[in-house]
Amino acid sequence: MPARQAGLGVLLGCRAVSALDVTIMAQLAPPAGLLDLDGHLDLVGDPFSGAVIDQGRIVLPGDPGLGACPRPDSENTWEK
């Protein structure tokens, strides 16, 4: 039985994850009633840019696909 039919709320949340993960979850956010998607804000050296939080609202990037992109200045590269 789906959560809503059982009278339960739906929460999307995260812990310490990258902006890539938050961007993916943010695209699944509309059916959720509660969101906790700020796990990437304290991540030092996040290798991705993506969704941002602006005045309490999640703003998805305008780039193609998911919109998340590798940061060119990141120490984490795929070529190492």
Side-chain angles (χ1 to χ4, degrees):
M1 173 182 294
R4 291 199 192 276
Q5 289 179 357
L8 301 172
V10 177
L11 165 71
L12 287 179
C14 61
R15 295 183 66 130
V17 298
S18 75
L20 174 63
D21 300 312
V22 170
T23 302
I24 292 168
M25 285 188 285
Q27 295 195 30
L28 300 172
L34 301 168
L35 300 174
D36 179 14
L37 300 180
D38 60 354
H40 67 298
L41 298 179
D42 294 328
L43 185 63
V44 176
D46 188 346
F48 293 96
S49 64
V52 296
I53 299 174
D54 182 23
Q55 298 181 8
R57 295 179 184 259
I58 298 170
V59 180
L60 293 171
D63 294 325
L66 293 174
C69 298
R71 290 184 188 271
D73 60 341
S74 173
E75 293 181 17
N76 300 307
T77 66
W78 314 121
E79 297 177 11
K80 286 186 179 179

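One-based numbering along the sequence shown.
With rounding to the nearest 0.5 angstrom, the CG atom of Leu43 is 10.5 Å from the SG atom of Cys14. The line from CG of Leu11 to CG of Leu35 is 7.5 Å long, rounded to the nearest 0.5 Å. Rounded to the nearest 0.5 Å, atoms CD1 (Ile53) and CG (Asp38) are 5.0 Å apart.
Heavy atoms only, all atoms of each residue included: Ala3 and Gly9 are closest at CB-O, 4.3 Å. Closest approach of Ala68 and Pro61 over heavy atoms only: N-CG, 4.1 Å.
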Can I get a per-line list of side-chain donor-acceptor pairs under 3.5 Å for residues 15-32, giving both atom names and the distance, sequence neighbours left out?
from  : atom 1 : to    : atom 2 : distance (Å)
Ser18 : OG     : Leu20 : N      : 3.2
Ser18 : OG     : Asp21 : OD2    : 3.4
Asp21 : OD2    : Ser18 : N      : 3.3
Thr23 : OG1    : Ala19 : O      : 2.7
Thr23 : OG1    : Ala51 : N      : 2.7
Gln27 : NE2    : Leu66 : O      : 2.8

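Side chains of Phe48 and Pro70 form a contact here, defined as non-hydrogen atoms less than 4.5 Å apart.
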